[in-house]
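Since we're looking at a predicted model, the values are computed, not measured. As a basis for the values below, the full set of heavy atoms in this structure was taken, side chains included, without hydrogen atoms, waters or symmetry mates.
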Amino acid sequence: MKKVLFTLLVAAATLQVQAQVNPKAGYIITNTNDTVYGTIDYRSDIRNAETCSFKADGAAQYTDYKPGDISGYRLTDNGIYYVTRTFPIDGEEKTIFAEYLLQGGVSLYHYKAYSTDYYYMVDATGKVAPIRETHDLYLATDERKQAQREKMQAVSQMLHQSDKAQRQLWTMTDVTSKELTQLTRDYNMEYCTDAGDCVTFQYDSQETTRLSVRLRMEGGLALLRMKPTPHSSVKEMTMTGTTPLVGAGFDIQLPRVSQALVLQAMFYYTYNSAEKESSANGIMATRKITFHDLNLQAGAMFRLMPQSRITPVVRGGLSLNYLLGYKTENLSGYYGNADTFLRKRTATVGFYGGAGVEFEVGTHRLSLTGNYIYRNYGHFDLNAPMVTFNLGFVL
């Protein structure tokens, strides 16, 4: 078990070191307002605010640009857009690549620093109203209200003409880009019509994608444990084993609904083999069971940092297990109805849950996950949970 965990950690670290480039088609805007097309090494929100790694079409190497070196950069599919801006950050003025969320009579920008999100509204006169979101949802009620007043004060003053905006601000306990963009857009449509139409930059490319279905392939190792259910009279029989695992299925996503939620349908095949040395009637023998199992999983996966190229993930759902074939050795007297049950090839329902990390590699994804799968073969007085370690690749 320790060796398996160590191997996975080493593999994850190696992948992180080797897969340093995440190429996206895009362009930079120079300080003389020229547009240069090429490839952007698009990484995490934090790094994107500090550095733009850009390789012009026909160039051999990437060039790193800092805020101020260029006016901004953007993905060519009308995706996320960064511009050079100077904003107050914790009492100090700092020049950054700010994510340009909305352009209008009141424009909106975003900057991320570790666990803190900074949002900046800028009106037509250049006045800046900041929001500092630390996601302190654990605060007590009174402390949360005080933090909310301090957080929203400047923005509330800027949007003072709209009662609707005021209500939304004071009930927005955890600020997100999506909610704040919509609020600012609604305000502009009502009170800033002279500034022309609003332009929303964030996720423009995904508005045209209603459904994304991608093939996922996985392989890995399963640690198997077979033991009697609590009502069984045979308490000493617990068998363990290790088995390979292969699987294939689909990741289904609705980008317009959520960037974090991925629905999954997966089929896994395992060859289960577990055994134990035990005594029956004074005779020592190896008790063994092997069987082929088809496992159908239907559930969901959540990407905790969906805009980053490396994100933690959690997953869970229901599993349907179907026995395809079996063999037993020296189990007579322990599981008298084993052959009867296994011949039925009965499907049983269980559940699964897991967590891990997912890497974006070019247009594909690579994942490392650890999972727990609960299987209970009731007619056999046996449950057979598995702990699996999976390496996945999404096309």
Side-chain angles (χ1 to χ4, degrees), residues 20-113 117-131 158 177 180-181 184-185 187-188 192-208 307-309 360 362-363:
Q20 289 297 310
V21 177
N22 180 33
K24 299 285 187 181
Y27 59 86
I28 62 171
I29 303 170
T30 69
N31 290 328
T32 57
N33 209 32
D34 293 324
T35 301
V36 182
Y37 288 89
T39 303
I40 295 170
D41 181 10
Y42 181 70
R43 308 221 189 153
S44 67
D45 290 343
I46 297 173
R47 188 183 186 279
N48 291 337
E50 305 293 338
T51 304
C52 171
S53 295
F54 178 76
K55 182 172 65 175
D57 289 340
Q61 301 291 332
Y62 281 88
T63 300
D64 287 346
Y65 294 97
K66 296 297 182 180
D69 294 342
I70 56 175
S71 175
Y73 66 96
R74 193 180 184 190
L75 305 184
T76 53
D77 60 357
N78 291 328
I80 292 177
Y81 184 21
Y82 288 88
V83 294
T84 295
R85 289 297 305 248
T86 300
F87 286 126
I89 299 173
D90 295 334
E92 296 183 5
E93 295 290 320
K94 182 176 180 180
T95 300
I96 58 173
F97 284 127
E99 184 182 359
Y100 205 171
L101 298 179
L102 182 76
Q103 182 185 59
V106 175
S107 295
L108 180 64
Y109 302 84
H110 172 237
Y111 167 67
K112 187 174 185 64
D117 287 282
Y118 298 84
Y119 297 93
Y120 301 93
M121 288 188 183
V122 182
D123 67 12
T125 67
K127 182 180 179 180
V128 177
I131 296 178
M158 180 171 288
S177 295
L180 206 56
T181 299
T184 310
R185 185 181 183 85
Y187 182 86
N188 282 326
C192 301
T193 54
D194 292 343
D197 294 336
C198 288
V199 178
T200 303
F201 299 112
Q202 189 181 30
Y203 305 137
D204 277 0
S205 62
Q206 294 157 351
E207 286 294 320
T208 59
Q307 295 186 43
S308 299
R309 58 180 295 274
E360 187 173 304
T363 59

Any residue meeting side chain to side chain contact (heavy atoms under 4.5 Å, CB included) with A113, in chain and number order, not counting sequence neighbours: Y111, Y118
Ring centres under 6.0 angstrom apart (Y81, Y100): yes
Steps toward side-chain contact (heavy atoms from CB on, under 4.5 Å) verdict (I96, I89): CA-CA 10 Å; I96 58 173; I89 299 173; 4.2 Å; yes
Distance in Å, I131 CD1 paired with L108 CG, rounded so as to fall on 0.5 Å steps: 8.0 Å
Nearest heavy atoms of Y82 and F97, plus distance in Å: CD2-O, 3.4 Å
Partner residues of F54 under the ring-ring contact (aromatic ring centres under 6.0 Å, His included) criterion, sequence neighbours left out: none
Side-chain heavy atoms of S107 within contact of L102, under 4.5 Å: no
Set of residues satisfying ring-ring contact (aromatic ring centres under 6.0 Å, His included) with respect to Y119, sequence neighbours excluded: H110
With K94 via salt bridge (charged side-chain N to carboxylate O under 4.0 Å, His left out) - residues at least two apart: E50
Partner residues of Y120 under the side-chain hydrogen bond (donor to acceptor under 3.5 Å, both in side chains) criterion, sequence neighbours left out: none
Nearest atoms (heavy-atom pairs only) where P67 meets A49: CG-O, 3.8 Å
Residues K55, T63; criterion side chain to side chain donor-acceptor pair (under 3.5 Å); working and verdict: CA-CA 6 Å; K55 182 172 65 175; T63 300; over 6 Å; no
Straight-line distance of E99 CD to N48 CG, nearest 0.5 Å: 8.5 Å
Partners meeting side-chain hydrogen bond (donor to acceptor under 3.5 Å, both in side chains) with T32 (sequence neighbours left out): T30, D34
From Y37 atom OH to D57 atom CG, the distance as rounded to the nearest 0.5 Å: 10.0 Å
For T86, side-chain hydrogen bond (donor to acceptor under 3.5 Å, both in side chains) partners two or more places apart: T95
Partner residues of S53 under the side-chain hydrogen bond (donor to acceptor under 3.5 Å, both in side chains) criterion, sequence neighbours left out: R47, D64
Heavy-atom pair of closest approach, residues R85 and Y109: NH1-OH, 2.9 Å
Atom of I40, atom of Y62 and distance for their closest heavy-atom approach: C-CE2, 4.4 Å
Under 3.5 Å donor-acceptor, D41 side chain and P23 backbone: no
Q61 CD: over 12 foreign heavy atoms closer than 6.0 Å: no
Salt bridge (charged side-chain N to carboxylate O under 4.0 Å, His left out) partners of D90, counting only residues at least two apart: R132
Spacing of CG belonging to L180 relative to OG1 belonging to T184, to within rounding of 0.5 Å: 4.5 Å
Pairing residues for Y187 by the ring-ring contact (aromatic ring centres under 6.0 Å, His included) criterion, not counting sequence neighbours: Y191
T39 side chain near K24 side chain, heavy-atom distance below 4.5 Å: no
Minimum heavy-atom distance V36-A56, with the two atoms named: CG1-CB, 4.1 Å
Any residue meeting side chain to side chain contact (heavy atoms under 4.5 Å, CB included) with A129, in chain and number order, not counting sequence neighbours: M121, A154, V155, M158
Heavy-atom closest pair, residues T84 and I70: OG1-O, 2.7 Å
